Number of protein chains: 2
Amino acid sequence: MAVTIKDVSARCGLSISTVSKAFNNYADISAETRELVHRTAREIGYYPNAIARTLKTNRSYNLGVLFQEERGTGLTHSFFASVLDAFKSECEKHGYDITFINHNIGWTGMTYLEHCRYRNVDGVCVVCANFYAAEVVELVASDIPVVTIDHAFSNRSCVLSENIEGMKALVAHAAALGHRRIAYVHGEHASVTENRITGFYRGLSEHGIEHVPEYLLESVYDSPEAGAEAVRKLMALPTPPTCILMPDDHSALGALSAAKELGLRVPEDVSIGGYDGSRITQMTQPRITTVVQDAQRMGRQAAIYLIDRIENPRTAGSEMGLIPAMLQPGESIGPVPSQHQD
Amino acid sequence: MAVTIKDVSARCGLSISTVSKAFNNYADISAETRELVHRTAREIGYYPNAIARTLKTNRSYNLGVLFQEERGTGLTHSFFASVLDAFKSECEKHGYDITFINHNIGWTGMTYLEHCRYRNVDGVCVVCANFYAAEVVELVASDIPVVTIDHAFSNRSCVLSENIEGMKALVAHAAALGHRRIAYVHGEHASVTENRITGFYRGLSEHGIEHVPEYLLESVYDSPEAGAEAVRKLMALPTPPTCILMPDDHSALGALSAAKELGLRVPEDVSIGGYDGSRITQMTQPRITTVVQDAQRMGRQAAIYLIDRIENPRTAGSEMGLIPAMLQPGESIGPVPSQHQD
DNA sequence: ATGTGATTCGAAAGCGATTTCGGCATCGTG
DNA sequence: CACGATGCCGAAATCGCTTTCGAATCACAT
């Protein structure tokens, strides 16, 4: 069915080896024969079969992408979808395809690492997984080139969003508008979360605001419902916060609707902050004040690091890309209500 | 580096063939040796290499996914991301991995079909492409099993959302609330669009509403900005509509903010309808009345059809899955304002 | 003993490519 | 004219696995 190298060799009366070498730009092929080979290849629609080539060369031009699976939201998470999209585009530019890595393929109980070997991927991008899981650690510690996003392993390349600075900027913005009772609803345990909490603390102290333990609440990323619940709890405190920073934009949406249920106007009665900078923040009323993470750049950078590591195993070291996050003021964080100023 | 079948054969003193046959459940292997092979395989961490197996059997257990690329929004489109997510999960259950198919891989100008052959995919799911493009037609007409989503080719399996019924239900909902000046802002040319327009017309006529040409406007899917612009145009008409149905939920968001800019309350002054049933519709104020498309089920069904076709090439015919869409009432479509009733 | 059938295993070819190494012209040079 | 150098190409091994077909063994009936 498919046209193979044999067809090309037969058609131009050359050996298989010669055709192969013509395709791989070997020096011992004359310009004319190289031209002949390429021409006839084009005529009969020949492309070297990636599978056969991989078997022989051990280079698949295929990259693995590891997405979290414990929670359902893999691809549907807009931030990670953007990262993946950019990663994919950049990979394609360099001739790499991508495949998802998982650990429940078929009946077999393959680990992530085993799945990678099974498919012969040249490298893996760990996008959003539980970085503390044994299986992930095993993969990262293996000889397969790895790049991680939003988590740093020693001796491996990674791309990080500037979470500390981003969070500090958000707190500074709120403080500049007079807020001193600032609450932070954070997501689950992860590097990202730790860094944002650090940024939150630093932001507070830089503006001489002392931290109230009740104002730090754990919630779940990307869950409007959990976000709404957190807001209800906070507003039920004896002295509720005047500004609530949420783990992400979807949670902020949940916060907005919780506020409405409570009869509170945003930002007149309470201010709400988001994180991520997803498109929806610009379409809500009020527009959500958020911190934009440059997902496109993160995905692109990850691809560049990974491919560099694959193609230049000696020279390429483990790089760490810090991608700046930018405050995007909306209307959901406003001046502190006067009766609340202290 | 990697452990091969040879290692297993050496370790248990059996030939390579025997090990292979033990793994593939051949009948001429005794229960004891089969057990021995599996045990030692487990001990030294052996998994058959997918690449080598593919080369020999011409079955890659790899499925291609074709996403639109002309516009940037591939993975970031929430509806398609959901479809893909479900497709992926179902495939993994059956032991298939998935790879993205595109036509600008590296420097080579491969067509979609060539890319599929290059990677030896067992089948392809065309999710959101320009179904009229020559390249796509070529792929669909080839011998590679194909399933399409939201577009039907003769003699190929497909999964369709019930767009006509969905749209009719939406119109009926608006009509029941007294609306007779109903506008429809539709997306670009595509089967989906045609069907929804058909549903729109039918809905109107079923309720004895005559169609006003100015009330049918073309916009772009998933573009709040374009949606907002369409709303501005509609509301500038001599007799503006009382209810505007948008191509999707994101566009509906754009419509909401356009209405706000115009000083119109939703739904008191004008009603807005969405489509898709994405999560955000439940978190806006007002909540958006929309039609839920069961993206999960669509993706799952596509995977089932495709794998069936691959694994049972004789018996499996070309199936057509119609997935019902369901009206999800929110608050953005309300009763017609009294001064507008005619 | 011999033949028969069932059971279990191994040798070897081959999937489509890459890559080493050697062969054969051709050519310049002493 | 001989000889080594150079340029160009092909034979064959190989990657890790599947699968056909024949061989070996054993039991059992003849």
Side-chain angles (χ1 to χ4, degrees), chain A residues 1-38 40-41 44-62 95 108 114-122, chain B residues 1-38 40-41 44-62 95 108 110 114 116-122:
Chain A
M1 193 75 253
V3 34
T4 79
I5 198 174
K6 223 180 284 179
D7 301 316
V8 180
S9 98
R11 200 162 205 272
C12 47
L14 290 166
S15 78
I16 291 179
S17 348
T18 305
V19 174
S20 172
K21 288 199 276 195
F23 256 87
N24 293 293
N25 290 319
Y26 272 61
D28 61 348
I29 300 295
S30 72
E32 302 96 70
T33 43
R34 190 194 320 282
E35 187 42 46
L36 171 66
V37 167
H38 278 111
T40 60
I44 62 179
Y46 167 76
Y47 278 98
N49 181 286
I51 300 294
R53 166 180 280 174
T54 300
L55 183 60
K56 185 62 189 164
T57 62
N58 218 25
R59 289 272 283 111
S60 63
Y61 284 92
N62 215 354
T108 70
E114 284 165 344
H115 194 177
C116 286
R117 294 215 194 282
Y118 168 71
R119 284 284 176 201
N120 272 84
V121 297
D122 292 335
Chain B
M1 193 75 254
V3 33
T4 79
I5 198 174
K6 223 181 282 178
D7 301 316
V8 180
S9 98
R11 199 162 205 270
C12 47
L14 289 166
S15 78
I16 291 179
S17 348
T18 305
V19 175
S20 171
K21 288 201 275 195
F23 256 87
N24 292 294
N25 290 318
Y26 272 63
D28 61 348
I29 299 295
S30 72
E32 302 96 67
T33 45
R34 192 196 317 283
E35 185 43 45
L36 171 67
V37 166
H38 278 113
T40 60
I44 62 180
Y46 168 76
Y47 277 99
N49 181 286
I51 300 295
R53 167 179 281 175
T54 299
L55 184 58
K56 186 63 188 164
T57 63
N58 218 23
R59 289 273 283 112
S60 63
Y61 284 92
N62 215 355
T108 69
M110 270 190 243
E114 284 164 345
C116 287
R117 296 214 194 283
Y118 169 70
R119 285 285 175 200
N120 273 83
V121 297
D122 292 335

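In this text, all values refer to a predicted model and were calculated from it rather than measured experimentally. Throughout, a chain's letter reflects where its sequence line sits, starting with A, and its residues are numbered from 1.
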Identify each atom pair where a protein N or O and an N or O of nucleotides 18-20 of chain C are less than 3.5 Å apart, giving names and distance.
{"unit_1": "dT18(C)", "atom_1": "OP1", "unit_2": "Asn24(A)", "atom_2": "ND2", "d": "3.2"}
{"unit_1": "dT18(C)", "atom_1": "OP1", "unit_2": "Arg53(A)", "atom_2": "NE", "d": "3.1"}
{"unit_1": "dT18(C)", "atom_1": "OP1", "unit_2": "Arg53(A)", "atom_2": "NH2", "d": "3.1"}
{"unit_1": "dT18(C)", "atom_1": "OP2", "unit_2": "Ser20(A)", "atom_2": "OG", "d": "2.5"}
{"unit_1": "dT18(C)", "atom_1": "OP2", "unit_2": "Asn24(A)", "atom_2": "ND2", "d": "3.4"}
{"unit_1": "dT19(C)", "atom_1": "OP2", "unit_2": "Tyr26(A)", "atom_2": "OH", "d": "2.9"}

Quick test: give all pairs of protein nitrogen or oxygen and nucleotides 23-27 of chain C nitrogen or oxygen below 3.5 Å, distance rounded to 0.1 Å.
none

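When the ring pair (Phe, Tyr, Trp, His ring centres under 6.0 Å) test is applied to Tyr47(A), no partner is found at least two apart in sequence or on another chain. Applying the salt bridge (Lys or Arg N to Asp or Glu O under 4.0 Å) criterion to Lys56(B), with sequence neighbours excluded, gives no partner residue.
Between the axis at the start and the axis at the end of the helix from dA1(C)-dT30(D) to dG30(C)-dC1(D) there is an angle of 70°, using five pairs per end and rounding to 10 degrees.
Distance Tyr47(A) OH to dA17(C) P: 14 Å, rounded to the nearest Å. What separates CG of Leu55(A) from P of dG16(C) is a distance of 12 Å, to the nearest Å. Atom CG in Asn49(A) sits roughly 19 Å away from atom P in dG14(C) (whole-Å rounding).
Heavy atoms of Thr33(B) sit under 4.0 angstrom from primed sugar atoms or phosphate atoms, though from no base atom.
From the 5' end on, the contacts that DNA chain D makes with chain A at under 4.0 Å to a non-hydrogen atom open and close at dC8(D) to dG16(D).
One side chain, Asn120(B) or Asn58(B), offers a donor N or O that lies under 3.5 Å from an acceptor on the other.
Between Ile44(B) and Thr40(B), the closest side-chain pair of non-hydrogen atoms is not below 4.5 Å. Looking at heavy atoms from C-beta onward, Ile29(B) lies out of side-chain contact with Val37(B) at the 4.5 angstrom threshold. A heavy-atom distance below 4.5 Å is not found between the side chains of Val3(A) and Arg11(A).
No donor-acceptor distance shorter than 3.5 angstrom exists from the side chain of Asn62(A) to the backbone of Val121(A), with no hydrogens or angles considered. Between the Ser20(B) side chain and the Ile16(B) main chain, no donor and acceptor come within less than 3.5 Å of each other.
For the pair Ser15(A) and Thr18(A), the tightest heavy-atom approach, listed with the atom from each and the gap, is OG-OG1, 3.0 Å. The two residues Ala52(B) and Leu55(A) come nearest to each other via the heavy atoms CB-CD1, 3.8 Å. Considering all non-hydrogen atoms of both residues, Ala22(A) and His38(A) come closest at O-CE1, 3.6 Å.
Between Phe23(A) and Tyr46(A), a ring centre-to-centre spacing shorter than 6.0 Å is recorded.
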Using the rule given for side-chain contact (heavy atoms from CB on, under 4.5 Å), can you reason through Val19(A) versus Lys6(A), listing the C-alpha separation, both sets of side-chain angles and the distance that settles it, and then say yes or no? CA-CA 9 Å; Val19(A) 174; Lys6(A) 223 180 284 179; over 6 Å; no
